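The chains referred to below are lettered A, B, ... by the order of the sequence lines, with proteins before strands, and numbering in each begins at 1. Computed from a prediction, not measured in an experiment: that's the story for all the values here.
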Amino acid sequence: MAQAKLQPVRGTHDLLPADCRRHRAVTDATRAVAERYGYGEIATPIFEFTEVFSRPLGETTDVVTKEMYTFVDRGGDSLTLRPENTASVVRAVISNGLFNELPLKYHYAGPMFRYERPQKGRQRQFHQIGVELIGPSEPEADVEVIAMGADVLADLGLADRVTLEINSLGDPASRAAHRAALVAYLTPQAERLSPDSRARLARNPLRILDTKDEGDRRMLDGAPRLDQFLNSESTAFFAAVRRGLDRLRIAHAVNPRLVRGFDYYTHTAFEFVTEHLGAQGTVIGGGRYDGLVAQLGGPDTAAIGWAGGIERLAMLLAVEPPAPRAIALVPIGDDAEARAQELAHGLRRAGFVIDLGYRGNVRRRMKRANKIGAKAALIIGDTELAKGIATLRDLTTGDQSEVPLDGLAGALGAYR
RNA sequence: GCGGGUGUAGCUCAGGUGGUUAGAGCGCCAGAUUGUGGAUCUGGAUGUCGCCGGUUCAAGUCCGGUCACUCGCCCCA
């Protein structure tokens with residue numbers, strides 16, 4: 001380190017070309033799957049008025065109370081960098097008055113921001129892919145959305161590294177009844193709860209269900225369970241979702257402790273989880289959010305969706321996505337040097353990947369061609385120019401041949 | 001916000017109990033090969049030892065602080 005290090009902001013990272021290729025693998029797979037399901041891409045601003053997030057996420061959730069990047073702009077408005085994308089998408093649907101075009105089917109990819117302590121698979125600027133299906137209240141919609149997640153993971157080659165967990169939070173009435181029973185059960189023995197869970201008892205009691213504290217877990221053995229409080233509609237809905245998954249042969253396990261942090265979730269909650277990422281095992285998480293549209297001021301509208309962490313998915317990829325392999329142009333001498341640029345331009349216009357090294361002798365340029373993984377080297381010196389040809393060296397086999405400069409693109413067809 | 005670990009070359013890391021010019025492998029540069037990569041050999045460059053302060057005749061090494069990274073908790077993708 002020759003000088004004081006210029007650091008990126010904590011929790012942010014530069015994505016160098018190899019990192020970008022991994023991210024691209026994830027976003028390309030998502031886009032391809034989403035388009036097969038008839039979902040169109042949507043891009044909303046990365047910041048919104050603060051209320052867009054603070055209202056629907058729940059004033060008591062950690063994301064709102066301590067993790068938002070909120071600032072006042074020069075006009076005096078309180079703005080927030082989006083901590084997640086669902087609220088923004090719903091806001092866009094309301095802003096654009098799209099409710100006579102239901103169902104709406106969207107997918108997206110982009111950066112999100114949360115002021116958290118970074119650790120493996122967690123950053124302050126991170127990237128998510130996601131899908132939203134707005135309108136249908138039928139369980140088939142839940143099945144479709146979950147199937148899309150499974151397809152993305154399968155296309156990324158992650159099917160055997162990830163499992164699907166699912167649960168139902170029920171409709172608002174079921175959820176409220178369970179909450180009341182849970183608080184009634186835990187309050188008398190609150191002193192024995194861990195400090196974290198004691199705080200959650202008042203703030204967000206549902207979250208106590210997935211505590212990692214051993215003592216808490218023992219106390220929860222006799223606690224009211226979510227599924228005992230589902231009313232008949234909620235029970236039937238959950239059963240229909242599960243039947244649909246079975247029909248599509250999408251393996252899933254019911255996890256009664258699976259709950260979602262954001263207040264707007266109802267009914268189905270699900271996560272695709274992995275054992276391979278340490279403490280942050282969730283790679284895709286989502287659920288039904290029937291109350292959100294109305295909460296943001298739109299008409300009462302059902303909706304379901306999920307978001308996936310691009311960094312987490314990229315870390316799981318078993319194979320490094322390959323860089324495009326070039327043809328390296330190796331000119332020798334001033335005449336060839338002048339000609340190389342022109343040739344490179346023509347070949348690039350014809351669809352070839354061409355690398356120019358700009359300096360060094362033949363040996364040095366051949367070394368570079370090898371290092372960047374070029375398929376072939378096209379050597380042009382005075383000898384070649386005099387004969388109107390180029391020397392083509394296949395860098396995989398080492399075979400060398402002559403190709404005419406006239407109609408070069410045709411002669412290089414195999415290396416496109 | 002809380003707890004643990006770690007900061008030495010571009011990268012991965014050695015450097016018992018303080019003691020001259022701080023090392024290795026990989027990578028990089030040059031040469032062996034005036035127009036031919038991968039393999040081999042030879043040579044070379046590169047460090048405010050994260051930063052600030054303290055103890056000491058002497059600090060990469062000990063002490064304090066600070067910053068960063070990392071793993072975990074909370075929470076989440």
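Judged by Watson-Crick or G-U wobble contacts below 3.5 Å, the nucleotide B:G1 has B:C73 as its partner. With a 3.5 Å ceiling on both atom-pair distances, B:U17 lacks any Watson-Crick or G-U wobble partner. Pairing partner, B:G7: B:C67, with both Watson-Crick or wobble hydrogen-bond distances short of 3.5 Å. For B:A24, the paired nucleotide is B:U12, the pair qualifying as Watson-Crick or G-U wobble because both relevant distances are below 3.5 Å. In a base pair of the Watson-Crick type (N1 to N3 plus N6-O4 or O6-N4) or a G-U wobble (N1-O2 and O6-N3), with each distance short of 3.5 Å, B:U34 is matched with no nucleotide. In this structure, B:A45 forms no base pair with any nucleotide, since neither Watson-Crick nor G-U wobble geometry is met with both distances under 3.5 Å.
Of the C1' atoms belonging to B:C69 and B:U12, the separation is 16 Å, rounded to the nearest Å. Comparing the same atom, C1', in B:G50 and in B:A45 gives a spacing of 23 Å after rounding to whole Å. When the P atom is used for both B:G23 and B:U46, the distance is 12 Å, rounded to whole Å. Nucleotides B:A30 and B:U17 place their P atoms 41 Å apart, quoted to the nearest Å. The gap from the C1' atom of B:U20 to that of B:C57 amounts to 14 Å, rounded to the nearest Å. One C1' atom belongs to B:G25, the other to B:A9, and the distance between them is 12 Å to the nearest Å. Across B:A59 and B:C75, the matching C1' atoms stand 43 Å from one another, rounded to whole Å.
Applying the 3.5 Å distance criterion, the base of B:A77 shares a donor-acceptor pair with the side chain of A:R114. Taking only distance into account, the side chain of A:R393 meets the base of B:G37 through a donor-acceptor pair shorter than 3.5 Å. With hydrogens and angles ignored, a donor-acceptor pair closer than 3.5 Å exists between the side chain of A:E116 and the base of B:A77.
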**Message:** Under the criterion side chain to side chain donor-acceptor pair (under 3.5 Å), I'd like the reasoning laid out for A:D227 against A:S168: C-alpha separation, chi angles, the key distance, then a yes or no.
**Reply:** CA-CA 7 Å; A:D227 59 293; A:S168 175; over 6 Å; no
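Using a 4.5 Å heavy-atom threshold, the side chains of A:E144 and A:Y37 count as touching.
Between A:D142 and A:R288, at least one side-chain nitrogen of the basic residue sits less than 4.0 Å from a carboxylate oxygen of the acidic one, meeting the salt-bridge criterion. Between A:D155 and A:R36 a salt bridge is recorded (basic side-chain N to carboxylate O distance below 4.0 Å). Ionic pairing of A:E320 and A:R22 is present here: one or more N-O contacts between side-chain nitrogen and carboxylate oxygen are shorter than 4.0 angstrom. The pair A:R91-A:E48 counts as a salt bridge, with a side-chain nitrogen and a carboxylate oxygen less than 4.0 angstrom apart.
Distance, A:D399 CG to B:G37 C1': 14 Å, rounded to whole Å. In this structure, A:K120 places its NZ atom 13 Å from P of B:C73, rounding to the nearest Å. Rounding to whole angstrom units, CD of residue A:E84 and P of B:A77 are separated by 8 Å. Atom P of nucleotide B:U36 and atom CD of A:E384 are separated by 12 Å, given to the nearest angstrom. Rounding to whole angstrom units, CD of residue A:Q128 and C1' of B:C75 are separated by 14 Å. Computed from coordinates, the A:N370 CG to B:U40 C1' distance equals 15 Å when rounded to whole Å. Following rounding to the nearest Å, A:E165 (CD) and B:A77 (C1') show an atom-to-atom distance of 15 Å. Taking atom CD1 on A:I332 and atom C1' on B:G37, their separation rounds to 13 Å, with Å as the unit.
A donor-acceptor pair shorter than 3.5 Å cannot be found between the side chains of A:H252 and A:E165.
For A:F71, the CZ atom sits in a packed shell: over 12 heavy atoms of surrounding residues, nucleotides or ligands are nearer than 6.0 Å.
Considering every non-hydrogen atom in both A:G135 and A:L102, the closest pair reads CA-CD1, 4.2 Å.
Between the side chain of A:T12 and the main chain of A:P8, no donor-acceptor pair closer than 3.5 Å is present.
When heavy atoms are screened at a 4.0 angstrom cut-off, A:A369 is found touching no nucleic acid atom at all. Among the protein residues, A:R117 comes within range of the nucleic acid bases, having at least one heavy atom under 4.0 Å from a base atom. Across all strands shown, A:I129 has no heavy atoms under 4.0 Å from either base or sugar-phosphate atoms. If you check every strand for non-hydrogen atoms under 4.0 Å, A:E271 touches nothing. As judged by a 4.0 angstrom heavy-atom cut-off over every strand, A:G333 is placed among residues making no nucleic acid contact. Looking at heavy-atom distances under 4.0 Å, A:G130 makes no contact with the nucleic acid at all. At the heavy-atom level, A:T274 lies nowhere under 4.0 Å from the strands shown.
Contact between the side-chain N/O atoms of A:Q119 and the OP1/OP2 oxygens of B:G72 is found at a separation under 4.0 Å.
For RNA chain B, the residues of residues 12-21 of chain A within the heavy-atom distance limit of 4.0 Å (strictly under) are A:H13, sorted by number.
For A:H107 and A:Y39, the ring centers are positioned 6.0 Å apart or more.
Nearest-nucleotide mapping onto RNA chain B: of A:L395 and A:Y115, the residue sitting toward the 5' end is A:Y115. Summary of the strand contacts: A:L277 and A:A374 both lie near RNA chain B, and taking for each the nucleotide with the nearest heavy atom, the more 5' one is attributed to A:A374.
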Check the interface with nucleotides 25-33 of chain B: list each N/O to N/O pair with the protein under 3.5 Å, or write none.
{"from": "B:C29", "atom 1": "OP1", "to": "A:R364", "atom 2": "NH1", "distance (Å)": "3.2"}

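A cation-pi geometry, defined here as NZ or CZ lying under 6.0 Å from the six-membered ring centre and within 45° of its normal, does not hold between A:R82 and A:F47.
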